[in-house]
Amino acid sequence: MSAYKQEAMAEKILAEEGMEFFIAKHYIVKVFHGVKRKMLVPYIPSIVFVHASQSELVEFKKNYNFLRFTLWHSRSATEYLIVPDGQMADFIRIASSDCDSVRYFSPKELNIEKGTKVRVIGGRFDGVEGVFVRVKGKRGRQVVVIIPDIMAVSVEVSPDLIEVLE
């Protein structure tokens, strides 16, 4: 869903309502009047991932209309953007880790068509599925988990922990 410049309010209300949600965040350093502050801010402006049925979301929106459905424009129609549970779980697992090698990408930054589908076997990200690619500016190889047309998140994984999927 989209919460234009109201991610904090969305987070508070969704938590109060007991709904399952995720907002990808990262730390940045901002300078206010010469004083540096480390702040946790959303990485994808306005985007809030909500895990609920369509009927639950429609009911929720009756009381809180500041949240909007995110739409996907395919060749044939316009649809609600729905991320499969497994893909979202892998995305959250990497995005919420405090690992220094986690990087975020917009869809335009990666040409993932050339990547090989893989699964991590062992280690911190055991079971995560994604695409194994080489990212410009990084020495090692990365496993990238993609949410189509929204973003991708990557983490460096040792090649010996990678299983190629068909």
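Below, each value reflects all heavy atoms present in this structure, side chains not excepted, and no hydrogens, waters or symmetry copies. All residue numbers refer to positions in the sequence shown, counting from 1.
Proximity of Gln6 to Tyr64: side-chain heavy atoms (C-beta onward) are nowhere separated by under 4.5 Å. By the 4.5 Å heavy-atom criterion applied to side chains, Val50 and Met19 are counted as neighbours.
Summarising the geometry of Gln87 relative to Val83, their closest heavy-atom pair is OE1-CG1, 4.0 Å, with the distance given to 0.1 Å.
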| task | Kindly determine whether Leu67 and Met9 satisfy side chain to side chain contact (heavy atoms under 4.5 Å, CB included), including the steps that lead there. | result | CA-CA 10 Å; Leu67 276 174; Met9 183 167 68; over 6 Å; no
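Within a 6.0 Å radius of CD in Glu16, more than 12 heavy atoms belonging to other residues, nucleotides or ligands are found. When the shell of 6.0 Å around OH of Tyr4 is examined, it contains 12 or fewer heavy atoms from other residues, nucleotides or ligands.
The main-chain N or O of Ile28 is never found under 3.5 Å from a side-chain atom of Arg37 such that the two would form a donor-acceptor pair. Formation of a donor-acceptor pair under 3.5 Å by the Glu20 side chain with backbone atoms of His51 is not found in this model.
Salt bridge Lys25/Glu11: present, at least one basic N to carboxylate O contact under 4.0 Å.
Interatomic distance, Gln54 CD to Glu56 CD, rounded to the nearest 0.5 Å: 11.0 Å. In this structure, CZ in Phe66 is found 4.0 Å from CD1 in Ile13, a value given to the nearest 0.5 Å. Rounded to the nearest 0.5 Å, atoms OG (Ser46) and NZ (Lys5) are 8.5 Å apart. Atom CG in Leu165 sits 4.5 Å away from atom CZ in Arg119 (nearest 0.5 Å). The CD1 atom of Ile47 sits 4.0 Å away from atom OG1 of Thr70, with the distance rounded to the nearest 0.5 Å. Taken to the nearest 0.5 Å, the NZ atom of Lys30 stands 15.0 Å off from the NZ atom of Lys36.
Under a hydrophobic-cluster definition in which Ile, Leu, Val, Met, Phe, Trp and Tyr are linked whenever side-chain heavy atoms come within less than 4.5 Å, directly or via other members, Tyr27 and Ile23 are assigned to different clusters. One hydrophobic cluster, built from ILVMFWY side chains closer than 4.5 Å, holds both Val58 and Phe21.
In this structure, Lys61 forms a cation-pi arrangement with Phe69, its terminal cationic atom sitting closer than 6.0 Å to the ring centre and no more than 45° off the ring axis.
For Phe91 and Phe49, the gap between ring centers is short of 6.0 Å.
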